[in-house]
Structures are given as structure tokens and as C-alpha cells.
Amino acid sequence: MHVTHVSLADFRSYESAELPLEPGVTALVGPNGQGKTNLVEAIGYVASHSSHRVSSDAPLVRAGTQRAVVRVAIQRDERKAMVELEIVPGGSNRARINRSPVTRARDALGMLRTVLFAPEDLAIVKGDPDGRRRFMDDLLVLRAPRFAGTRSDYEKVLRQRNALLKAAGKARRAGRKPDLSTLDVWNTHLSTVGADLLFGRLYLVRALTPLVAAAYEQVSLGQGTATLTYRSTLGEDIGGPVADVPTQYDVPNREILRERMLKAMEEQRTAELDRGTSLVGPHRDELLLTLGGLPAKGYASHGESWSFALALRLSSYELLRGDGDESAEPVLILDDVFAELDASRRERLAELVSGAEQVLVTAAVAEDVPKALTGGRVDVTKGSVTRVR
Amino acid sequence: MQDLIDELGHLPGVGPKSAQRIAFHILQSDPVDVRRLVAALTEVIDKVRFCVSCGNVSAEELCRICSDARRDGTVLCVVEESKDVVAIEKTREFRGRYHVLGGAISPIEGVGPDDLRVKELVTRLASGEVTEIILATDPNLEGEATATYLARLLKPMGLRVTRLASGLPVGGDLEYADELTLGRAFEGRRLLDV
């Protein structure tokens with residue numbers, strides 16, 4: 001698939017902008033702070049309903065306005081589709097597909113698929129587990145949009161359960177008897193939704209692991225083996241590979257995962273009350289990234305960390321591309337990444353993505369875009385967008 | 001004038017703009033109409049209270065539904081709010097009695113079973129007249145949690161506990177149903193007796 005047109009209204013610095021796009025490579029070039037990233041961020045938002053730069057939606061709306069609108073025209077084989085997303089911070093977003101409104105904005109997920117490379121990706125490798133969980137869940141939703149519901153349900157149940165544990169812990173410390181009569185009810189709900197999310201993640205990691213290993217080898221020219229291991233709070237035996245063969249393991253079914261989670265909550269009950277928060281479940285799980293048997297976080301060099309981050313994104317692209325027919329191929333977005341990379345990684349990344357159906361690159365100067373990626377060029381200066389070729 | 005606008009603005013579904021419109025409308029209306037509104041408001045405060053049995057809004061000690069002898073006393077429908085009673089009554093499908101909880105379990109808002117009319121429900125069931133409980137709480141997270149809680153509480157009492165069905169809207173198209181609703185409809189499918 002590829003994007004044929006983007007229009008923005010009150011998005012970030014843009015009062016309005018129109019950008020027609022072609023398949024193949026397009027470089028968006030302009031000095032810093034002129035609005036290149038805002039354009040690709042908008043496209044990424046339509047695909048994932050979240051920004052790669054900020055966690056809240058408020059900065060996406062132009063100062064002094066209440067809502068932003070992003071409209072994207074998509075071509076998938078011969079079919080054309082138009083997705084319009086109205087971003088309302090503090091409220092619920094609204095979406096329209098081919099000009100007809102849909103009940104919930106998340107019904108529009110899956111219309112556009114993108115894989116976005118950005119300087120922030122380094123934090124997936126070097127940062128907190130939270131970033132790696134978000135990486136998994138974002139990819140899971142891109143692959144199977146129904147998980148957007150699972151993810152938001154899980155967060156809701158978790159907030160309720162945590163509120164209960166916190167109140168109970170407070171009562172206990174004050175010498176009163178805590179009210180735990182509804183804890184079992186929240187355990188039931190949390191384990192049902194949690195098992196579904198965990199199931200999705202385990203399948204994802206299993207499919208992604210060999211692709212990450214292959215991508216790392218290509219990016220680093222065979223310098224070491226990259227592995228993913230899902231480490232669950234439900235126990236080491238869930239989600240771990242058998243011995244040294246990363247793909248040889250079975251994912252337990254949802255019912256088993258649900259029972260394991262209920263059991264784990266039972267075992268952790270005292271600790272959970274002491275801490276006043278939920279200690280088991282997908283929200284505390286970790287995706288372990290290892291390089292030649294050592295954790296990438298803390299052990300890998302800056303260059304190796306970048307190779308790993310690129311491998312995660314490249315393997316995401318491969319995974320999405322391999323789903324179903326050719327039209328499922330996602331749009332690749334490379335936001336300011338070339339400036340971060342050394343010459344050899346730059347060239348190899350360019351080679352690996354040059355064959356994609358559509359690649360959008362942002363760069364401060366045209367020289368940052370490798371020769372292998374020649375194509376259209378759009379200049380972005382002070383919020384005005386001009387196609388140069 | 002500003003006091004009136006502020007007071008109106010506290011009402012649900014009324015924003016500052018609407019509050020201003022209503023306030024100016026009242027100002028320009030016939031004083032007789034306005035007095036009638038004032039009288040209606042005063043009467044609500046003075047006379048309307050909650051039924052001692054079911055918790056629904058009522059003018060008497062016992063509400064119209066609880067005191068109606070033609071109602072089936074063996075079936076009890078548990079709802080969150082009085083407005084849910086109004087909605088179910090409109091269907092004319094249900095001939096039993098109600099029990100209004102006054103909300104749903106939500107630890108975030110500090111609402112637990114003790115803050116709802118759960119004790120009153122258990123007391124009501126002690127007489128043994130009720131044989132079926134229909135749990136008609138909202139089909140959202142808090143409503144579902146409340147239903148699960150009540151089902152577990154009431155099951156040992158040997159009652160038939162049922163939950164309202166979730167699924168496809170009547171008169172709609174299957175293709176327009178969202179995945180969650182369609183999934184629920186599959187779970188709750190029933191045998192077609194022909």
C-alpha cells in the first residue's frame with residue numbers, strides 16, 4: 001500500500017497543509033523546526049492512533065485550537081481509500097472512512113500500516129521495559145487491530161484493580177479491615193483480558209524472533225546474534241524458548257494463561273496489598289533483547305544498540321509484509337534516522353529499504369539521504385510544503 | 001444573573017453556552033411559566049423520595065411498581081439507576097419488580113458493594129419469594145464487574161441468576177457491527193426452536 005495524499009488542519013505547527021505523494025522514495029528536506037517530522041508523524045498517527053514522539057495528544061493540536069484533523073488517501077492495489085481522523089485531546093477521537101463516520105475511532109485501525117524509524121527508537125533498546133512493551137503492543141495492534149480493544153480494556157481493569165489494592169492497603173495500615181470483597185471479581189476480569197494480551201504478545205515474539213536475528217545480521221554484517229525472549233511475571237516457563245532454539249516453543253492457550261495468572265495473583269496477594277498495586281500480568285512483563293547471549297541494555301555499544309533498534313523496525317516491516325497478500329506491505333517512514341547513523345549502517349539501511357513500495361524520509365540536509373534512496377524531493381520551510389521533483 | 005447561569009451549568013449535559021441560553025430564555029419567558037417551573041422543582045425536593053423496598057424514585061413510601069399487586073414477585077431485575085427502570089418499563093416486556101443499586105462497583109471512584117444497595121438486596125431475598133434475579137447492569141467494565149460480584153454472592157442462595165444478553169442491535173446490518181459486539185453475539189447465541 002502507499003499514501004497518495006496527506007492533508008492536515010491545525011496539526012502541530014500547521015494551520016493547513018496539502019502534500020501529494022507518489023510510490024517509491026520521497027525525501028522531505030528542510031532545516032530543523034520547520035515541520036518535516038510533523039508531516040510524517042501525522043501519517044504515523046493515522047496508522048497507530050498514537051504519536052511516536054509524545055504520549056499525550058495535546059501537543060498534536062495547534063496552539064489555540066481544540067482539535068486537529070489528518071486526512072490520508074491510501075492506495076492499496078487498485079483500491080483507493082480515504083481515512084480522516086479528528087484528534088480531540090481529552091476527548092475521544094473521531095474517524096471517517098471514505099467520508100462515512102465510523103462508530104469508534106479504533107474501527108479505522110488497520111486501514112493504513114506504517115513502520116516508522118525515528119531517533120527515539122534507540123530508547124527501545126537502551127530504555128525502560130515500558131518502551132519495549134509499547135513496541136510489542138503497537139506492532140500487535142498494527143497486525144491485528146482487534147488487540148487495540150484488548151489493550152485498552154486491560155488498562156481500564158488494571159486501573160480499577162490498582163485503585164482497590166491501594167485503598168485496601170491504606171485501610172490496613174490505618175488498622176481497619178480492608179474491603180477485598182470485590183478483588184476476586186477484578187482478578188477474573190484482569191486474567192481474562194490479560195491472558196488475551198499475553199497470548200497475542202507471545203505469538204508476536206515467536207514470529208518476530210527469527211526475523212530480528214536475520215535483520216540484525218544484515219545491518220551489522222554478521223557481527224553477533226540478536227535474540228528476543230519474553231520474560232513473563234507468570235513464570236520462566238511461559239514464553240521462553242526451548243533450549244537454544246528460539247522458535248521452538250509452544251504458546252500456551254488462553255485458558256492456561258488465564259489460570260496461571262489467577263494463580264500468580266493468589267500467590268502474590270500479600271505482596272500486592274503491601275505495595276498497593278498489581279504485580280503480575282502483561283504490564284510487568286519484559287521483552288529481553290540479547291546480543292550474543294548478553295543483554296543488549298547495558299552491554300551493547302552505541303553502534304550495536306542502533307543496529308538492534310534498526311533490526312527491530314526492519315523485522316516489523318518484514319513481519320507485516322509477510323501477512324497475507326502483497327498489498328499489506330506497510331509504508332516505511334524514516335524520520336531523521338540517517339543523521340544518527342555511521343556511514344556503513346546508513347548505506348546498509350538504505351539498501352535494505354530501497355525496494356519498498358513507499359519510503360518517506362525526513363532529513364535536515366539533502367546530503368543526509370543516502371544515494372541508494374533517490375526519488376522525489378519535497379522542501380519544507382516554515383510550514384510551507386513545496387515539491388521540488 | 002451569573003448565579004443562575006452557574007447553577008444551570010452544573011446540570012448534566014449543560015455547558016456554559018447552553019446555560020447562558022437557558023438563563024436568558026427564562027428571563028424573557030412569561031413569569032407564570034417560570035413560577036410553574038419553580039413549583040415543580042420545589043415539589044420534587046419536598047415530595048419525591050426513594051422507595052424503601054427497591055430504591056427507585058417514588059412519591060410514596062413504597063413505589064408504584066412495588067405496591068402493584070399484579071406484578072410478578074418471583075422475578076427481580078437489578079439495575080444501576082432509576083433511569084434504567086424507566087428504560088426497561090418502556091419495553092413492557094418485564095412484569096416483575098426491580099432493585100436499584102444506585103451505581104456500579106468502581107474502586108477508582110471509591111464505590112464498593114457497601115456503597116450500593118447490596119445489603120438491602122440480600123435482605124429482600126431472605127423472604128424466599130424471589131426465585132429469579134436478572135442482572136441488568138450496564139454492559140461496560142464496571143457494570144460487568146458488578147454483575148459478576150452479585151452473581152457470586154447470590155449463587156449460593158439457590159437462585160436462578162441471569163444476565164441480560166449482549167449482541168446485535170435489532171434492525172441493523174451484521175456487517176456494521178463492531179468486532180466486540182459481534183463476538184459477544186456469538187458467545188450468547190441461542191438454539192433456534194422451530
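Around atom CD of B:Glu93, no more than 12 heavy atoms belonging to other residues, nucleotides or ligands sit under 6.0 Å away. Atom CD of B:Glu89 has more than 12 neighbouring heavy atoms from other residues, nucleotides or ligands inside a 6.0 Å radius. Annotation: B:Phe50, atom CZ; neighbour count of heavy atoms from other residues, nucleotides and ligands within 6.0 Å does not exceed 12. Around atom CD of A:Gln66, no more than 12 heavy atoms belonging to other residues, nucleotides or ligands sit under 6.0 Å away.
A:Gln160 places no side-chain N or O within 3.5 Å of a backbone atom of B:Glu142 that could act as its donor or acceptor partner.
Between atom OG1 of residue A:Thr182 and atom CG of residue B:Leu153 there is a gap of 12.0 Å, rounded to the nearest 0.5 Å. Expressed to the nearest 0.5 Å, how far NZ of A:Lys156 lies from OG of B:Ser106 amounts to 12.0 Å.
Counting heavy atoms from C-beta outward, A:Asp184 and B:Tyr149 have side chains that stay 4.5 Å or more apart. A:Asp153 has its side chain out of reach of B:Leu141: every pair of non-hydrogen atoms, C-beta onward, lies at least 4.5 Å apart.
Most heavy-atom pairs under 4.5 Å with chain B, from the set A:Leu165, A:Asp179, A:Leu164: that is A:Leu164. The candidate from B:Ile105, B:Ile108, B:Thr148 with the greatest count of non-hydrogen atom pairs under 4.5 Å with chain A is B:Ile108.
A donor and an acceptor atom, one from each side chain of B:Arg152 and A:Thr188, are located under 3.5 Å apart.
At a 4.5 Å heavy-atom cutoff, the contact between A:Arg104 and chain B is made by side-chain atoms alone.
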